[in-house]
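For reference, positions follow the sequence shown, starting with 1.
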Amino acid sequence: MANQDSQQLLQAEKRAAEKVADARKRKARRLKQAKEEAQMEVEQYRREREQEFQSKQQAAMGSQGNLSAEVEQATRRQVQGMQSSQQRNRERILAQLLGMVCDVRPQVHPNYRIAV
């Protein structure tokens with residue numbers, strides 16, 4: 001009878017050890033599954049933030065693109081204005097320059113001293 005009781009006790013210990021091992025395996029599987037789900041959530045959050053960043057960056061760059069286009073257009077208008085002004089005043093300025101260069105009036109410089 002003692003032998004039978006010890007056999008039952010050993011079998012009960014064996015079943016308990018199996019249950020503990022199964023529980024540990026289930027726990028390990030749940031932890032692994034939870035880790036994978038958390039990793040997927042982190043990845044999804046990262047993608048959402050990246051997409052949000054890209055859209056904000058695109059909006060900012062788009063407004064800068066419009067700004068640069070406006071600046072370029074204003075510069076073109078200024079250059080065209082300068083060119084048209086140059087074309088209008090060209091003959092008058094050339095006549096003034098030629099008049100100053102060709103119309104030489106010789107005179108003694110005020111600092112010139114005649115040595116005696």
With a sphere of 6.0 Å drawn around CD of Gln51, does it hold more than 12 non-hydrogen atoms of other residues, nucleotides or ligands? no
Using 0.5 Å steps for rounding, measure from the CG atom of Asn3 to the CD atom of Gln8. 10.5 Å
Restricting to pairs with a member in residues 41-53, which pass salt bridge (Lys or Arg N to Asp or Glu O under 4.0 Å), not counting sequence neighbours? Glu43-Arg46, Arg49-Glu52, Glu52-Lys56
State whether the side chain of Ser85 and the backbone N or O of Gly81 hold a donor-acceptor pair below 3.5 Å, judged by distance alone. no
The test is side chain to side chain contact (heavy atoms under 4.5 Å, CB included); show your working for Met82 and Val79 and say whether it passes. CA-CA 5 Å; Met82 287 180 202; Val79 168; 5.5 Å; no
With a 4.5 Å limit on heavy-atom distance, are the side chains of Leu9 and Asp5 in contact? no
My understanding is that only one of Gln78, Gln80, Gln73, Glu72 makes a side-chain hydrogen bond (donor to acceptor under 3.5 Å, both in side chains) with Arg76; could you say which? Glu72
Under a 4.5 Å cut-off applied to non-hydrogen side-chain atoms, are Lys14 and Leu10 in contact? no
Could you name each residue pair satisfying salt bridge (Lys or Arg N to Asp or Glu O under 4.0 Å) that touches residues 88-102, not counting sequence neighbours? none
Let's go through Gln54 and Gln57 carefully: what are the C-alpha distance in whole Å and the side-chain angles of both, what is the deciding distance for side chain to side chain contact (heavy atoms under 4.5 Å, CB included) to 0.1 Å, and is it a yes or a no? CA-CA 5 Å; Gln54 291 294 333; Gln57 185 179 28; 3.6 Å; yes
